[in-house]
Amino acid sequence: MYDVIIIGAGVSGCAVARELSRYEMDVAVLERASDVCEGTSKANSGIVHAGYDAEPGTRKAFLNIRGSKKMEELSRELDFPYKRNGSLVLCFSESDRGKLLELLEKGRKNGVENLRILERDELAELEPNISEQAVAALYAPTGGIVCPFGITIALAENACVNGVEFRLNTEVRKVEKTEGGYRLETSQGVFESRAVVNAAGVYADVFHNMVSGRKISITPRKGEYCLLDKTVGDYVNSTVFQLPTEYGKGVLVTPTVHGNLLLGPTAEDITDKEGVNTTGKGIGDLLERAGLSVKKVPAGKVITSFAGLRAHEAGDDFVIGEAEDAEGFFDVAGIESPGLTCAPAVGEYVAEMVRKRIPAPEKKDFAAKREGIPSVALADRKERQALVEKNPAYANVICRCELVTEGEILDAIHRPLGATTLDGIKRRTRAGMGRCQSGFCAPKTVEILARELGRDMGEICKAGGESRFLTGYSKEG
Amino acid sequence: MKKVKILVVGGGPAGLAAAAAARDAGVKSEEILIVERDGELGGILNQCIHNGFGLHTFKEELTGPEYAERYVEKVRAAEIPYLLQTIVVDICAGGESGDGRVKYVTVMNKSEGLFTVAAEAVILAMGCRERSRGALNIPGYRPAGIYSAGTAQRYVNIEGRMPGKEVVILGSGDIGLIMARRMTLEGARVKLVAELMPYSGGLKRNIVQCLDDFGIPLKLSHTVVDIDGKERVKGVTVAQVDENRRPVPGTEEYISCDTLLLSCGLIPENELSTGLGVELNPVTSGPVVNESLETNVEGVFACGNVLHVHDLVDYVSEEAESAGRNAAEYVLRKGAGKDGGREQAIVIKASGGVRYTVPSVLRPEHMQEEQVVRFRVGDVYKDAVLAVYFDGTPVMRVNKRVMAPGEMEQVKWKKKKLEEYPDLKEICITVEDK
């Protein structure tokens, strides 16, 4: 019997896990994928929203501002990439200026600091590649960018180090209320716990509706993205939004925290909760709409495209809290934008609620700090030399595009909650994230994974399940 | 700090031939250094185990590793030093010394860590990479089972592993064609090769020997418009494209397969070059070079697929030897006369169907006895003429039965010819009707 079982190892689930790991509780995270950060958390804009969108006074506004403010400190504590690059909301016609001012007003009410309107001249000075059509913009210097894998993996690792049990490849099939809590049937047997945190992303409605009569409904809202080469990573400096439409914040153009340029997302409601395919139409629309924000979209520099699903709840709000008719069942559902920003705050908020139900003292030996994988690419000459002296594997470059070494890959495999798949290596080290998209490094990484995990190369997967790279031997192999 | 006269970045066919030629031209072996990122010399040839290499150079048919071995032997016999499993992290010209003629090459490997080598000349020979699925913007899911043809070639020929059983290949570049045959021989079923363009991107002989001989269909003007399969590829949707290369609605066909191989073009890997300030030609994505295959950065030369993508390795070797000789000449006479009194260079212009030329600038005083200019055409031309104009005056017409984008073309002229035009400013190479 666990005290708390968290369903889903996305950023919200991991944030809650990490906060709960401060207390003397038995906590487990059940994740159906082979790694953490395999759902919505891996395919989003990677934005830390300043907080001018949410309706003043709402919980979403509170969590957004709190999350945004906590992000920098958390990024230092858990060693994940975060940068405050500022954000802009572009206004394309004088008749829309009213909407821009409304946003400004909302932002001020929400407590967003240093918000101001930039006129055309100032805007062009700040962002030379901004479209001529932009007449003015709302500027939020506190807006930021974060590595969505970085934060999720960091939260998970830190929770793990502090005693949270992560059960990967464990798909929850049924949740039932029992006398003293909940019984969860999974692909890996039955688990029981006093409380459940439902952070199952686009599937959160399924689990909620198993225990609650007050049904919720989550629609996967697909967002397609294009990621561009680092050579155009400074095409814009700030995160450039367009004035919101009824389908969300519109297409953004932003540098990523790793120095690529990102365009996206589209917004399309679909029925398939696994429908993460990109479409010709989606990518076409996206490039066209991004062209509204910047002068000439460097479309020839696209290195990959991907799609993610936002968990859109019918009530158009986060569903966070204990289900009214299911004591000890805590939802963290409908977490669409600005969910990533809110995660640090959601973690605290939900952990606090859970603790009220399951009181537990603080751990004396809680380790708040986590050290990430050193990056040879980002290290200066001295740091590189130090790394190489420590372990020569840091001089053996595996991924040439992103300059990722064997040392980093070994670290990714052998640290707590280490990588077991190629995607796991990619999200932890960036090997394969570059312009050749793993053409050169995949065979080497597969070999290292097999060697280190004591498996045959044929068993190594891209991302678990049946995603094997190799199907057999060549005739004389 | 270690010092050399010539540092060669890359130990593939280009780097090996360049190093050997520099030594033959008088640079001492120990003053040359080859830096290779892989575990052995030979580059991508090591995984090209099919034959057909060396017909021009050695008048015999060699496999890739055999061809490479001939140059590896030359380098070994001459005792030219080389570093394996060593990556060049950064090259800068001048640096703190302020002497732009010295290039500081920072490298890294497991045995010696991170260190810098000072070189008087650098020969760029890093080769190229394959265009990825992402760069092609192919919609669909992102399962396992999508490989560039070269990656698949490595799995099959180096690792002895099969990346798939039922294969569709997009793109008819040479590696794709070779892999169609290779996968078939190893027991896979290659269902189709789809090519976006109305013509193949590969050599004619590969179409015949790798597809026709095995009954593998080639569909021109077709592309992949969707990839199915959430974990491993389950199938792809192929559609015909119109003259603007846009899919024609209603022509979609679903083909079940577990593997999609991509052979849709090669891109010279010039990240190191641009870091050094080397100017690139947007058509080739390779450096802009003069007759000596020298880039805009003095003493930095380029050859092989990092300069422009070749069809035959024989031409890579030939070009690399030229780069090696020129680099040798540069370091032996300390570049004297090069910076001083630079006379008006002649521009070589690609026009009317000729996409680019290598070199694109010619300084007559540095020209060798014979100048070779290599290029590719942008379309298929039958019974056409390659015409060369010196400042508008026709000086050469070569009849060509067929020219295609998949094959490299060349024209050459003697130094004597140029001497007849002392005030020459522009040489134009173009495709014309017969």
Side-chain angles (χ1 to χ4, degrees), chain A residues 224 226-227 229 231 274 276-283 299-307 376 381 384-385 388-389 392-397 400-401 403 405-406 422 435-440 442-443 446-447 457-458 461-477, chain B residues 37 85-87 89 106 108-116 129-145 147-148 150-151 154-165 182-183 185-188 225-232 247 258-259 262 267 269 271 274:
Chain A
E224 300 186 36
C226 286
L227 186 73
D229 194 290
T231 50
E274 308 285 321
V276 290
N277 56 321
T278 56
T279 61
K281 183 181 178 304
I283 298 297
K301 294 286 181 184
V302 171
I303 61 171
T304 189
S305 354
F306 59 90
V376 170
R381 197 184 169 99
R384 277 181 189 172
Q385 240 144 4
V388 174
E389 269 166 42
Y394 285 104
N396 183 22
V397 172
R400 60 172 86 153
C401 302
L403 204 75
T405 65
E406 188 188 354
L422 206 77
R435 46 182 72 89
C436 92
Q437 287 286 298
S438 84
F440 285 116
V446 166
E447 203 180 316
M457 272 170 63
C461 286
K462 180 175 185 285
E466 293 302 310
S467 64
R468 288 167 191 236
F469 279 98
L470 302 170
T471 57
Y473 290 85
S474 51
K475 280 181 180 167
E476 291 171 21
Chain B
R37 61 189 154 207
Q85 279 199 304
T86 304
I87 195 114
V89 180
T106 302
M108 202 161 74
N109 67 28
K110 250 177 153 168
S111 52
E112 292 162 273
L114 185 76
F115 60 99
T116 299
R129 66 170 172 269
E130 299 175 275
R131 191 163 277 124
S132 73
R133 181 251 173 116
L136 294 163
N137 267 335
I138 305 171
Y141 286 92
R142 301 196 300 149
Y147 307 97
S148 61
T151 307
R154 186 192 152 111
Y155 277 126
V156 178
N157 293 347
I158 304 281
E159 317 281 353
R161 298 294 190 123
M162 287 296 279
K165 293 175 179 155
R182 189 81 192 104
M183 296 289 284
L185 289 173
E186 292 296 346
V225 294
D226 199 15
I227 298 173
D228 181 29
K230 288 170 184 174
E231 295 180 344
R232 175 86 198 192
D258 64 7
T259 306
L262 304 170
I267 306 162
E269 287 228 282
E271 284 66 38
T274 46

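We name chains A, B, ... by the order of the sequence lines, and we start the count at 1 in each one.
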Point to revise | A:Glu466: side chain to side chain contact (heavy atoms under 4.5 Å, CB included) partners, not counting sequence neighbours | key: B:Glu231
**Study point:** Selection from B:Pro163, B:Ser148, B:Gly140 maximising heavy-atom pairs under 4.5 Å formed with chain A
**Key:** B:Gly140
Check your understanding: Which one of B:Glu271, B:Met108, B:Lys110 has the most heavy-atom pairs closer than 4.5 Å to chain A?
Key -> B:Lys110
Exercise for review: Report the residue from B:Arg161, B:Glu186, B:Met162 that forms a side-chain contact (heavy atoms from CB on, under 4.5 Å) with A:Tyr473.
Suggested key: B:Arg161
**Study point:** Closest non-hydrogen atom pair, A:Arg400 against B:Ile87
**Key:** CB-CD1, 4.2 Å
Point to revise | Contact class of B:Arg37 relative to chain A, heavy atoms under 4.5 angstrom | key: side chain
Point to revise | N-O pairing of B:Glu130 and B:Arg154 below 4.0 Å | key: no
Exercise for review: Give, as side chain, backbone, both or neither, the part of B:Ile158 having an atom under 4.5 angstrom from any heavy atom of chain A.
Suggested key: neither
Check your understanding: Who among A:Leu227, A:Asn396, A:Leu422, A:Thr231 has the most heavy-atom pairs with chain B under 4.5 Å?
Key -> A:Asn396
Study note, to complete from the structure: Ranked by heavy-atom pairs below 4.5 Å to chain B, first place among A:Val376, A:Asp229, A:Ile303 goes to A:Ile303
Check your understanding: Quick one: what part of B:Thr106 sits under 4.5 Å from any heavy atom of chain A, side chain, backbone, both or neither?
Key -> side chain
Exercise for review: For residues B:Arg133 and B:Ile227, determine if any side-chain heavy atom of one lies less than 4.5 Å from a side-chain heavy atom of the other.
Suggested key: yes
Review point. Can you tell if the side chain of A:Thr304 reaches within under 4.5 Å of the side chain of B:Arg142, non-hydrogen atoms only?
Key: yes
Study note, to complete from the structure: Ranked by heavy-atom pairs below 4.5 Å to chain B, first place among A:Gly465, A:Pro443, A:Ala393, A:Cys461 goes to A:Pro443
Review point. For B:Val156, is it the side chain, the backbone, both, or neither that has a heavy atom closer than 4.5 Å to a heavy atom of chain A?
Key: both
Review point. At a heavy-atom separation under 4.5 Å, does B:Asp258 approach chain A through its side chain, its backbone, both, or neither?
Key: side chain
Point to revise | Close side-chain approach of B:Ile138 and B:Leu262, heavy atoms under 4.5 Å | key: yes
Point to revise | B:Glu269, part contacting chain A, at a heavy-atom distance under 4.5 Å | key: side chain
**Study point:** Heavy-atom pair count under 4.5 Å with chain B, highest-scoring of A:Ala299, A:Ser305, A:Ala395
**Key:** A:Ala395
Check your understanding: Among A:Glu406, A:Arg384, A:Arg435, which residue forms the greatest number of heavy-atom pairs with chain B at distances under 4.5 Å?
Key -> A:Arg435
Revision key, fill the gap. By ring pair (Phe, Tyr, Trp, His ring centres under 6.0 Å), A:Phe469 pairs with (sequence neighbours left out) none
